[in-house]
Amino acid sequence: AIALVARTGRNCFEWAALKPLLAARVKRVTEGGPELDEERADTLSALDALPGAPFTLQRLCELLHEPERHHATAAKRLFAIGKMTAVTSLLERQPFPYQDPAPDTNTDSIEAAPSANGETPSAPEAMEVTS
């Protein structure tokens, strides 16, 4: 889930289900000395207090998915993650990005209907405009 949101930027998961995954990953990627415990607790508290996905969700997931790519130390990662949770604007949930369209709603189809004799016309014939 974290990788998908990081890659697509789409908030397609229930916040109640995603929040514990994010919290567990925050704990894992910010493991360090006891000097980080208070900051980590504050960040986790801010994450837990969010009533919905923050508008910074994609960046938060990017930081959690590939933490070493963005910040070399646990302290820097924790600071960046803390910034992503210290927000008040929320992101609306979006449909899952790979969902098939509902039946009979695809208006972009180029499939040709069978002709009067029951045969499917060739591509040039299917593209002809009739009035």
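Computation of the quantities below employed the complete heavy-atom set of this structure, encompassing side-chain atoms and omitting hydrogens, waters and symmetry-equivalent molecules. Note that the structure is a prediction, hence the values are computed from the model and not measured. Residues take their numbers from the sequence shown, with the count starting at 1.
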Item checked: Residue list, side chain to side chain contact (heavy atoms under 4.5 Å, CB included) with Lys83, at least two apart or on another chain -> Phe79
Notebook entry, point to check: Mind checking whether Ile81 and Val29 have side chains closer than 4.5 Å, heavy atoms only?
Noted result: yes
Pairs of donor and acceptor atoms involving the side chains of residues 43-57, under 3.5 Å and at least two apart or interchain, shall be tabulated with distances.
{"unit_1": "Thr43", "atom_1": "OG1", "unit_2": "Glu39", "atom_2": "O", "d": "3.0"}
{"unit_1": "Thr56", "atom_1": "OG1", "unit_2": "Met84", "atom_2": "O", "d": "2.5"}

Notebook entry, point to check: Between Leu60 and Leu36, is there a shared hydrophobic cluster once you connect ILVMFWY residues whose side-chain heavy atoms come closer than 4.5 Å?
Noted result: no
Margin query: Side-chain heavy atoms nearer than 4.5 Å, only ILVMFWY residues, links allowed to pass through others: does that put Leu64 and Leu78 together?
Written below: no
Item checked: Partners passing side-chain hydrogen bond (donor to acceptor under 3.5 Å, both in side chains) against Arg28 (at least two apart in sequence or in another chain) -> none
Check: What distance separates His65 NE2 from Leu63 CG, expressed to the nearest 0.5 Å?
Finding: 12.0 Å
Check: Just by modelled atom types, is the His71 backbone N or O under 3.5 Å from a matching donor or acceptor in the Arg77 side chain?
Finding: yes
Notebook entry, point to check: With the 4.5 Å side-chain cut-off for hydrophobic clustering, are Trp15 and Val87 part of the same group?
Noted result: no
Item checked: Between CG on residue Leu22 and SG on residue Cys61, distance to nearest 0.5 Å -> 5.0 Å
Next item on the list: Please report the closest heavy-atom contact between Glu66 and His70, naming both atoms and the distance.
Entry: O-CD2, 3.1 Å
Notebook entry, point to check: Heavy-atom distance under 4.5 Å between the side chains of Arg7 and Gln58, does that happen here?
Noted result: no
Check: Residues in side-chain hydrogen bond (donor to acceptor under 3.5 Å, both in side chains) with Glu35, at least two apart?
Finding: none
Margin query: Are Phe13 and Ile2 packed together at the side-chain level, in the sense that at least one heavy-atom pair is separated by less than 4.5 angstrom?
Written below: no
Next item on the list: To the nearest 0.5 angstrom, please state how far the CZ atom of Arg93 sits from the CG atom of Leu18.
Entry: 10.5 Å
Next item on the list: Taking side-chain hydrogen bond (donor to acceptor under 3.5 Å, both in side chains) as the test, write out the residues that go with Glu62, two or more places apart.
Entry: Arg59
Checklist line | Non-neighbouring partners of Thr30 that pass side-chain hydrogen bond (donor to acceptor under 3.5 Å, both in side chains), sequence neighbours left out | finding: Arg40
